[in-house]
Student: 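Here it is: the structure, laid out below.
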Number of protein chains: 2
Amino acid sequence: MITMQVEIGCVKAATDVIGDKWTPQLLRFFLSSEVVRFCQLQELVGGINPRTLSARLLALEDKGIIRKLHSQTSSRCEYELTPKGKSLMPIIRDMEAWSSQYA
Amino acid sequence: MITMQVEIGCVKAATDVIGDKWTPQLLRFFLSSEVVRFCQLQELVGGINPRTLSARLLALEDKGIIRKLHSQTSSRCEYELTPKGKSLMPIIRDMEAWSSQYA
DNA sequence: CCGTATCCAGTTTGATACTG
DNA sequence: CAGTATCAAACTGGATACGG
């Protein structure tokens, strides 16, 4: 017999994805741009360590939130949201709305 | 002349409030109950350390998200959302919806 | 019941420098 | 440009025990 413990109504999956420091701020840039580059994020999210940024992008890739695009013409790497990532945007948008209200 | 640097569209205020580990899960219980007790949260959010729980509740109080109610009849402490806290609920609801979709 | 106090191990992060 | 390497500091978390 298999016992399953299901926690009904849970935010865990979401926190696993956007719960890390910097991650919501990183995802926010996808609200205004389809495609984002490493160095853009580095500038825009003031002072994030490249190591940390790299770790966050990798984690988001692993979780199927973003996809890495290798451009053949240059060394530029670009990232874009997957459908799963796009489905996350309402949360980010809410956070932005709330922040503007209580800044 | 006053120079202001405004970061347009920012999620920082929200992450300052719900960005800590456990916090979204704690806030979630206010979706179903007006009032929540310390020991309830301790049970429901599996295995959170009382020190951490205490720290989170204090932080949420400081930020004006929850209010502590001292019950006269017993040693029980209860917490309830402030209006500011209630305004946060759409984010939590979104996170819950997303989580149920991608559990 | 509701916390606070200690102790301590593990994780995360920033600063900085460096490579393909 | 897009990362990786290293080091040390800071933060955080769990276990446990104790006090109001």
Student: Toward the 5' end of DNA chain C, which comes first, A:Lys21 or B:Gln40, by nearest nucleotide?
Tutor: B:Gln40
Student: What about A:Arg51: does its side chain form a donor-acceptor pair under 3.5 Å with the base of C:dG14?
Tutor: yes
Student: Which heavy atom in A:Ile91 sits nearest to a heavy atom in A:Ile18, and how many Å separate them?
Tutor: CG2-CD1, 3.8 Å
Student: Separation of B:Leu26 atom CG from C:dC2 atom P, in whole Å?
Tutor: 14 Å
Student: So does A:Thr52 get a side-chain nitrogen or oxygen closer than 4.0 Å to the phosphate oxygens (OP1/OP2) of C:dT12?
Tutor: no
Student: Could you please name the option among D:dA2, D:dT12, C:dA17 that lies closest to any side-chain atom of B:Arg56?
Tutor: D:dT12
Student: Nearest-nucleotide wise, let me know which of B:Asn49 and A:Ser54 is further upstream toward the 5' end of DNA chain D.
Tutor: A:Ser54
Student: In whole Å, I'd like the distance from the CZ atom of B:Arg37 to the P atom of C:dG3.
Tutor: 11 Å
Student: To check you understand the geometry: which heavy-atom pair defines the closest contact between A:Cys77 and A:Lys68, and what is its length?
Tutor: SG-CE, 4.0 Å
Student: Between D:dG3, C:dC2, C:dG14, which one does the side chain of A:Lys68 approach most closely?
Tutor: D:dG3
Student: Using a strict threshold of under 4.0 Å (side-chain N to carboxylate O), is an ion pair present between B:Arg28 and B:Glu96?
Tutor: yes
Student: Find the distance A:Gln42:CD to C:dA15:C1' and express it as a whole number of Å.
Tutor: 13 Å
Student: Tell me: CG of A:Leu53 to P of C:dA15, nearest whole Å?
Tutor: 15 Å
Student: Without decimals, in angstroms, what is the distance between B:Leu58 CG and C:dT4 C1'?
Tutor: 11 Å
Student: Start with the C-alpha distance between B:Trp98 and A:Ser87, add both sets of side-chain angles, then the distance that settles side chain to side chain donor-acceptor pair (under 3.5 Å), and finish with yes or no.
Tutor: CA-CA 8 Å; B:Trp98 194 88; A:Ser87 73; 2.9 Å; yes
Student: Choosing from C:dC2, C:dG14, C:dT16, which nucleotide comes nearest the side chain of B:Cys77?
Tutor: C:dC2
Student: How far apart are the closest heavy atoms of A:Ile66 and A:Tyr79, and which atoms are they?
Tutor: CD1-CD2, 3.8 Å
Student: For the side chain of B:Tyr79, starting at C-beta, report the closest nucleotide among D:dC1, C:dG3, C:dG14.
Tutor: C:dG3
Student: In whole Å, what is the span from the CG atom of A:Asp20 to the P atom of D:dG13?
Tutor: 12 Å
Student: Without decimals, in angstroms, what is the distance between A:Leu69 CG and D:dC1 P?
Tutor: 18 Å
Student: Starting at CD1 of A:Ile48 and ending at P of C:dG14, how long is that distance when rounded to a whole Å?
Tutor: 7 Å
